[in-house]
**Student:** 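This is the structure, below, for whatever I ask next.
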Amino acid sequence: MTSTPISAPLQPEDFDALDLILEDLRTRYDETPQWEFCEGFMAALVCGRKVIAPSEYFSVLLDIGDGEGSFADEAQKEAFMALWTRRWNEVATALDEKDVKNLSDEKAYTPEVLDVRAMMLSLTPEERAEAMVDDEDGPLPSFGQVWALGFMFAVEAWPEEWEAPAKDKEAVQWLDGALSAIVALTEDDTGPAEISAFGPDEEGGEEPPPSMSNARMEAFGEAMWAVYDLRELWRSLGPRVETVRVEATPGRNDPCPCGSGKKYKKCHGMT
C-alpha cells in the first residue's frame, strides 16, 4: 500500500477526516476549534515572517503538548499530521504562485470555508429548528468570519513577528492595510442577503438561497489578496533580527556585579 504524496491536494473526504479528528479531540479539550478556524490559523503561519515549529503552534491552536488536549493514539496523530502537512504545502504553493491574477484561478489560494447561513437556509423549517435547538453560540457566523478569526488568533499569538520595521513607512502601510482587510472579515455581515458563496452542488441543481451581502463577498476577496500581500511582504523583509543587548561593563573600582563584595578589578575584571 503506497502512501499519498505530501504534495497531493486535499480532497473533500480528507477534510471530512480532519473534521472527525477535531471532533474527537474536542471530547478531551472542548475548546478545540473547527477546521475553518485551523485553516485561517495555518494561512497566517504560512505567510508569517517567522518559521514557527509545529510543537509550538499546536500547543497554541489545539492545546496539544503542554495542555490538556491529546490525540487518541499515535495513529490518529499521524493521520492528522499527514493531512495537515499536505494542506500546508498546498497553501504555500498557492501563495507562491506568481501568475495568479484572479481569485477564480484554479492555482489561487482558496481557503476551506463554509457558508453556514446558506446551509441553514437550505434546510426545511423542521430541520432548521432541530439544528438550532442546542445552539448556544449566538448568531450564525458570516462567510469567512471563522477563517479570519483563526488568522488573527495566530497574529495575536506572536505579535512581535507581525511588527513591520518602524522606519520602513512603506512596509508599515502595507502591513496595516493587509491586516485591516482580514480584521474586517472578522466582523459580522449585517448587509442584505444578495448572493451565495457557492453554486449548486451539481449541474442542473437548484441555486442556493442568497446568504450574504455583495459587500461581504468583496471583503472576502480583499482578505484573500491581503494574504498574498503579507506573504510577499515578509519574504521581502526576511526574518526579524533579534536585538542584541550588551550589558555595560562596570568600572574597575565599581563593585563586581556578581555580588562578591569585591571591586570589579579584583574579581571578574581579572579574567
**Student:** For Pro165 and Arg49, which heavy atoms make the closest approach, and how far apart are they?
**Tutor:**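 What the structure gives for the nearest pair is CD-NH1, 4.3 Å.
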**Student:** With Phe143, which residues qualify under ring pair (Phe, Tyr, Trp, His ring centres under 6.0 Å), at least two apart?
**Tutor:** Phe198, Phe220
**Student:** What residue pairs, at least two apart or across chains, pass salt bridge (charged side-chain N to carboxylate O under 4.0 Å, His left out) with a residue in residues 210-220?
**Tutor:** none
**Student:** Short question: side chain of Glu194, backbone of Asn214 - any donor-acceptor pair under 3.5 Å?
**Tutor:** yes
**Student:** Considering non-hydrogen atoms only, spot the tightest contact between Asp115 and Met212 and give its length.
**Tutor:**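 For Asp115 versus Met212, the nearest heavy atoms are OD2-CE, 3.7 Å.
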**Student:** Heavy atoms only: give me the nearest Ala108-Ala94 pair and the separation to one decimal.
**Tutor:** C-CB, 4.0 Å
**Student:** Heavy-atom count check: over 12 atoms from other residues, nucleotides or ligands less than 6.0 Å from Ile6 CD1?
**Tutor:**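 No.
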**Student:** Report the residues that fulfil salt bridge (charged side-chain N to carboxylate O under 4.0 Å, His left out) with Arg117, sequence neighbours left out, ordered by chain and then residue number.
**Tutor:** Asp188
**Student:** Can you measure from CG (Leu149) to CD (Glu156) and round to the nearest 0.5 angstrom?
**Tutor:** 9.0 Å
**Student:** Quick one, Glu36 and Glu112 - any side-chain contact, counting heavy atoms below 4.5 Å?
**Tutor:** no
**Student:** Classify the ring geometry of Phe153 against Phe37: parallel below 30°, tilted from 30° to 60°, perpendicular beyond 60°.
**Tutor:** tilted
**Student:** Distance-only, no hydrogens or angles: does the Gln145 side chain make a donor-acceptor pair with backbone N or O of Ser142 under 3.5 Å?
**Tutor:** yes
**Student:** Less than 4.5 Å apart, side chain to side chain, heavy atoms only: is that true for Ile182 and Leu230?
**Tutor:**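 Yes, at least one pair of side-chain atoms sits under 4.5 Å.
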**Student:** Would you call Leu179 and Trp162 a side-chain contact if the rule is heavy atoms closer than 4.5 Å?
**Tutor:**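 Side-chain contact under 4.5 Å: yes.
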**Student:** State which residue, out of Leu25, Asp19, Leu20, fulfils the side chain to side chain contact (heavy atoms under 4.5 Å, CB included) condition with Glu23.
**Tutor:** Leu20
**Student:** Which is it for Asp96 and Arg231 under the side chain to side chain contact (heavy atoms under 4.5 Å, CB included) test, yes or no, and what are the steps along the way?
**Tutor:** CA-CA 8 Å; Asp96 287 340; Arg231 175 73 161 170; 2.8 Å; yes
**Student:** Which atoms form the tightest heavy-atom contact between Ser236 and Leu233, and what is the distance?
**Tutor:**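 Reported closest heavy-atom pair: OG-O, 2.6 Å.
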**Student:** Is there a side-chain contact between Val146 and Val113, using heavy atoms and a 4.5 Å cut-off?
**Tutor:** no
**Student:** Any non-hydrogen side-chain atom of Asp24 less than 4.5 Å from a side-chain atom of Thr32?
**Tutor:** no
**Student:** For Trp158, what residues pass the side chain to side chain donor-acceptor pair (under 3.5 Å) criterion, not counting sequence neighbours?
**Tutor:** Glu56
**Student:** What's the spacing between Ile195 CD1 and Ser213 OG if we round to 0.5 Å?
**Tutor:**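 Atom-to-atom, Ile195:CD1 and Ser213:OG are 7.5 Å apart.
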**Student:** Tell me, do Val60 and Phe41 make a side-chain contact under 4.5 Å, heavy atoms counted?
**Tutor:**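 The answer is yes, as the side chains (C-beta and beyond) meet within the 4.5 Å cut-off.
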**Student:** Do any N or O atoms from the side chain of Arg26 and from the backbone of Pro33 form a donor-acceptor pair under 3.5 angstrom?
**Tutor:** yes
**Student:** Classify the ring geometry of Trp35 against Phe15: parallel below 30°, tilted from 30° to 60°, perpendicular beyond 60°.
**Tutor:**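 Trp35 vs Phe15 ring planes: tilted.
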**Student:** Compare all side-chain heavy atoms of Leu185 with those of Phe151 and state whether any distance is below 4.5 angstrom.
**Tutor:** no
**Student:** Before you tell me yes or no, could you show the steps for Met152 and Val183 under side chain to side chain contact (heavy atoms under 4.5 Å, CB included), namely the whole-Å CA-CA distance, both residues' side-chain angles and the distance that decides it to 0.1 Å?
**Tutor:** CA-CA 7 Å; Met152 293 309 301; Val183 168; 3.8 Å; yes
**Student:** The test is side chain to side chain contact (heavy atoms under 4.5 Å, CB included); show your working for Trp225 and Leu103 and say whether it passes.
**Tutor:** CA-CA 8 Å; Trp225 286 125; Leu103 292 175; 3.7 Å; yes
**Student:** Going from CG on Leu45 to NZ on Lys50, what distance comes out if it is rounded to the nearest 0.5 angstrom?
**Tutor:** 11.0 Å
**Student:** Only pairs at least two apart or in different chains count here, so list each side chain to side chain donor-acceptor pair (under 3.5 Å) that has a residue in residues 80-93.
**Tutor:** Asp14-Arg86, Glu39-Arg87, Tyr57-Trp84, Arg87-Glu90
**Student:** Looking at every heavy atom in both Ala181 and Ala226, which two are closest together, and how far apart are they?
**Tutor:** CB-CB, 4.0 Å
**Student:** Ignoring hydrogens, what is the shortest heavy-atom contact between Glu97 and Val100? Give both atom names and the distance.
**Tutor:** CG-CG2, 3.4 Å
**Student:** Supply the atom-to-atom distance Asp30 CG to Asp63 CG, rounded to the nearest 0.5 angstrom.
**Tutor:** 10.0 Å
**Student:** For residues 171-182, which residue pairs qualify under side chain to side chain donor-acceptor pair (under 3.5 Å), counting only residues two or more places apart or in two chains?
**Tutor:**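 Residue pairs passing side chain to side chain donor-acceptor pair (under 3.5 Å), neighbours aside: none found.
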**Student:** Would you mind reporting whether Asp99 and Asp105 have side-chain heavy atoms less than 4.5 Å apart?
**Tutor:** no
**Student:** Are the charged groups of Lys98 and Glu232 less than 4.0 angstrom apart, N to O?
**Tutor:**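 A salt bridge links Lys98 with Glu232.
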**Student:** Counting only heavy atoms not in Glu106 (residues, nucleotides, ligands), do more than 12 fall under 6.0 Å from its CD?
**Tutor:** no
**Student:** Can you say whether the rings of Trp147 and Tyr109 are parallel (under 30°), tilted (30 to 60°) or perpendicular (over 60°)?
**Tutor:** tilted
**Student:** Going from CD on Glu163 to CG on Leu175, what distance comes out if it is rounded to the nearest 0.5 angstrom?
**Tutor:** 9.5 Å
**Student:** Rounded at 0.5 Å granularity, tell me how far CE in Met217 sits from OG in Ser196.
**Tutor:** 7.5 Å
